[in-house]
Amino acid sequence: MSVAIQKLNGLWHLIVGSYQIRTPFRETQDRALVVTYARHAYPGAKIFQRD
């Protein structure tokens with residue numbers, strides 16, 4: 001499984017397959033927080049950032 005991290009509308013979003021999941025983190029917060037959140041929610045997934 002792969003998870004993409006993307007900034008959208010001032011928040012970080014996780015994109016898993018065709019689903020877009022809003023995270024509780026704002027765009028100004030550190031990307032490392034979002035990666036930790038994604039690793040906890042989807043253990044073993046490949047995580048990358050989309051622009």
Side-chain angles (χ1 to χ4, degrees):
M1 174 189 309
S2 64
V3 176
I5 298 172
Q6 182 178 19
K7 293 179 186 179
L8 184 64
N9 297 331
L11 293 173
W12 287 99
H13 288 74
L14 301 180
I15 301 171
V16 182
S18 63
Y19 295 100
Q20 184 172 342
I21 303 164
R22 184 177 60 193
T23 66
F25 303 106
R26 295 181 186 216
E27 185 177 290
T28 57
Q29 289 179 299
D30 191 25
R31 180 181 172 271
L33 290 172
V34 183
V35 170
T36 303
Y37 178 80
R39 289 188 194 278
H40 181 67
Y42 299 99
K46 294 180 183 180
I47 300 171
F48 61 96
Q49 184 171 355
R50 285 176 56 176
D51 291 329

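In what follows, every heavy atom counts, from backbone to side chain, and hydrogens, waters and symmetry copies are set aside.
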N/O donor-acceptor pairs under 3.5 Å from side chains in residues 26-46, not counting sequence neighbours:
| from | atom 1 | to | atom 2 | distance (Å) |
| --- | --- | --- | --- | --- |
| Q29 | OE1 | R26 | N | 2.8 |
| R31 | NE | Q49 | OE1 | 2.7 |
| T36 | OG1 | A32 | O | 2.9 |

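Put simply, V16 and F25 are part of the same group of oily side chains (I, L, V, M, F, W, Y) that touch within less than 4.5 Å, one to the next. Hydrophobic clustering of Ile, Leu, Val, Met, Phe, Trp and Tyr side chains at less than 4.5 Å, counting indirect connections, keeps I15 apart from M1.
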Original post:
Given L14 and I5, is the side-chain contact (heavy atoms from CB on, under 4.5 Å) satisfied, shown in steps?
Top reply: CA-CA 5 Å; L14 301 180; I5 298 172; 3.9 Å; yes
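Applying the ring-ring contact (aromatic ring centres under 6.0 Å, His included) test to pairs two or more places apart or on separate chains, none has a residue in residues 3-22.
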